Participant: 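One structure follows; several queries about it will come next.
Heavy atoms only: backbone and side chains are in, while hydrogens, waters and symmetry mates are out. A quick note: this is a predicted structure, and the numbers were derived from the prediction, not measured. Here is the naming used below: chain letters follow the sequence lines, and residue numbers restart at 1 for every chain.
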There are 2 protein chains.
Amino acid sequence: MTPDRDPARLESSAPIFAALGDATRLKLVARLCQSGPQSIARLTRGTPLTRQGITKHLRVLADAGLVRGRRLGRESRWELEPQQLIVAHRYLDLISKRWDAALRRLQELVEEGSA
Amino acid sequence: MTPDRDPARLESSAPIFAALGDATRLKLVARLCQSGPQSIARLTRGTPLTRQGITKHLRVLADAGLVRGRRLGRESRWELEPQQLIVAHRYLDLISKRWDAALRRLQELVEEGSA
DNA sequence: TTAATATGCAACCATTGGGTTGCGTATGGT
DNA sequence: ACCATACGCAACCCAATGGTTGCATATTAA
């Protein structure tokens with residue numbers, strides 16, 4: 001375990017952030033979050049994009065492990081996959097904490113220097 | 001405030017995620033985090049990239065507000081900017097919580113349906 | 001059976017992105 | 001004064017991305 005000590009593990013968060021780094025995909029995530037699993041056609045409604053555009057974005061999210069889709073009859077239902085979100089979340093948590101620590105160290109140095 | 005209620009605010013997180021969505025930039029953030037403010041030349045050492053490459057990545061991070069640089073003598077010192085990290089962190093927090101809520105609702109529906 | 005719905009696949013296009021090289025310039029050290 | 005260091009700017013290149021259209025296919029409904 002101890003994923004917060006493994007730099008390689010940390011770098012693997014990049015694809016997750018990359019997948020979230022697009023306004024359209026963020027909206028998709030939000031919609032899947034708020035309204036639960038949906039078909040592509042339904043996800044397309046309300047966006048200025050083509051169904052194919054949405055499909056591509058869903059694939060990107062799926063490749064990052066943020067989302068999963070399976071065929072149900074003639075439609076394919078897509079839903080959120082929480083684990084990867086948690087990975088990203090933990091990464092930011094770690095960075096924030098490290099940054100806090102660095103800030104404190106810096107602060108101490110400054111105070112020492114001016115004392 | 002209540003940034004967690006403002007969809008427009010939420011979408012504005014996309015550039016932050018996009019900036020973090022690259023392995024090289026994640027490493028830069030980690031290095032700035034661990035070893036504090038550094039010059040471009042120093043940040044370049046240890047990477048297979050050119051100084052210009054690093055400079056470009058720093059600009060991307062800066063445009064996302066994650067990092068800030070200022071000229072000190074003949075070198076330019078770059079350091080982390082924590083607030084944007086917190087924004088991203090809060091976004092993931094929100095999504096996670098919404099997702100939890102959706103999961104619970106779904107769970108209830110399933111249980112009702114099979115009861 | 002026929003029509004409408006929901007999707008997948010492939011080609012294509014324009015733009016962005018990651019990365020380099022070359023060159024010019026300011027700063028620091030000797 | 002001179003040289004090395006640290007940097008910025010601009011041009012350039014190739015690959016990836018965001019987005020479209022056209023067409024083929026499976027499924028549901030009438």
Side-chain angles (χ1 to χ4, degrees), chain A residues 10-32 35-80 84 88, chain B residues 11-32 35-79 84 88:
Chain A
L10 288 188
E11 290 166 17
S12 73
S13 308
I16 305 177
F17 287 128
L20 293 176
D22 176 279
T24 301
R25 288 194 291 266
L26 267 190
K27 286 182 202 164
L28 283 176
V29 168
R31 283 183 71 174
L32 287 177
S35 313
Q38 299 171 49
S39 72
I40 298 179
R42 183 171 165 196
L43 284 170
T44 302
R45 277 166 217 145
T47 76
L49 296 197
T50 312
R51 170 181 59 88
Q52 284 306 323
I54 300 294
T55 298
K56 280 197 175 183
H57 282 298
L58 285 174
R59 284 201 75 83
V60 173
L61 287 170
D63 286 346
L66 287 165
V67 117
R68 184 176 42 126
R70 63 177 192 139
R71 200 76 190 242
L72 273 199
R74 70 175 158 185
E75 66 184 20
S76 81
R77 216 159 194 58
W78 292 77
E79 61 185 339
L80 275 190
Q84 294 305 90
Chain B
E11 290 166 17
S12 73
S13 309
I16 305 178
F17 288 126
L20 293 176
D22 177 277
T24 302
R25 287 194 291 268
L26 267 191
K27 286 181 201 166
L28 283 177
V29 168
R31 284 184 70 174
L32 287 177
S35 312
Q38 299 172 49
S39 72
I40 297 179
R42 183 170 163 195
L43 284 171
T44 302
R45 279 166 216 147
T47 78
L49 297 197
T50 312
R51 171 181 58 90
Q52 284 306 320
I54 299 295
T55 299
K56 279 198 176 180
H57 282 299
L58 286 173
R59 285 200 75 83
V60 173
L61 288 170
D63 286 346
L66 288 165
V67 116
R68 184 174 41 124
R70 63 175 191 140
R71 199 78 191 241
L72 272 199
R74 70 177 158 184
E75 66 183 22
S76 82
R77 216 157 195 57
W78 291 77
E79 60 186 339
Q84 295 304 92

Participant: Rounding to an integer number of Å, can you tell me how far Trp78(A) CH2 sits from dA6(C) P?
Facilitator: 17 Å
Participant: State, to 0.1 Å, how close Leu26(A) and Ala14(B) come at their nearest heavy-atom pair, and which atoms those are.
Facilitator: CD1-N, 3.6 Å
Participant: So, taking the atom named CD1 in Ile16(A) and the one named CG in Leu66(A), what distance separates them when rounded to the nearest 0.5 Å?
Facilitator: 6.0 Å
Participant: Can you tell me how far the OG atom of Ser76(B) sits from the CG atom of Leu58(B), to the nearest 0.5 Å?
Facilitator: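 CG of Leu58(B) is found 7.5 Å from OG of Ser76(B).
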Participant: Of the residues in residues 65-77 of chain B, which ones touch DNA chain C at a heavy-atom distance under 4.0 Å?
Facilitator: Gly73(B), Arg74(B)
Participant: Nearest 0.5 Å please: distance from the CG atom of Leu32(A) over to the CG atom of Leu61(A).
Facilitator: 8.0 Å
Participant: To the nearest 10 degrees, how far apart in direction are the end axes of the helix from dT1(C)-dA30(D) to dT30(C)-dA1(D), each fit to five base pairs?
Facilitator: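 Between the axes fitted at each end of the helix from dT1(C)-dA30(D) to dT30(C)-dA1(D) lies an angle of 30°.
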Participant: Tabulate atom names and distances for all N/O pairs under 3.5 angstrom spanning the protein and nucleotides 15-21 of chain C.
Facilitator:
from	atom 1	to	atom 2	distance (Å)
dG18(C)	OP1	Arg25(B)	NH1	3.2
dG18(C)	OP1	Arg25(B)	NH2	3.0
dG19(C)	OP2	His57(B)	NE2	2.5
dG19(C)	N7	Lys56(B)	NZ	2.9
dG19(C)	O6	Lys56(B)	NZ	2.3
dT20(C)	OP1	Thr50(B)	OG1	3.3
dT20(C)	OP2	Thr50(B)	N	2.9
dT20(C)	OP2	Thr50(B)	OG1	2.7
dT20(C)	O5'	Thr50(B)	OG1	3.1

Participant: List the atom of Pro15(A), the atom of Ala64(A), and the distance in Å for their closest heavy-atom pair.
Facilitator: O-CB, 3.9 Å
Participant: Could you tell me from which nucleotide to which nucleotide of DNA chain D, 5' to 3', there is an atom under 4.0 Å from chain B heavy atoms?
Facilitator: dA4(D) to dC9(D)
Participant: Please set out all donor-acceptor pairs under 3.5 angstrom arising from side-chain atoms of residues 36-46 of chain B, sequence neighbours excluded.
Facilitator:
from	atom 1	to	atom 2	distance (Å)
Gln38(B)	NE2	Arg31(B)	O	3.2
Gln38(B)	NE2	Gly36(B)	O	3.3
Ser39(B)	OG	Arg42(B)	N	3.2
Thr44(B)	OG1	Ile40(B)	O	2.8

Participant: So which pairs with a foot in residues 51-74 of chain B pass side chain to side chain donor-acceptor pair (under 3.5 Å), sequence neighbours left out?
Facilitator: Arg25(B)-His57(B), Arg68(B)-Glu79(B), Arg68(B)-Glu81(B)
Participant: Has Arg59(A) got a side-chain N or O lying under 4.0 Å from the OP1 or OP2 atom of dT7(C)?
Facilitator: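 Answer no for this pair, as no side-chain N or O of Arg59(A) is under 4.0 Å from OP1 or OP2.
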Participant: Drop me the distance from Phe17(A)'s CZ to Asp22(B)'s CG, to the nearest 0.5 angstrom.
Facilitator: 12.5 Å
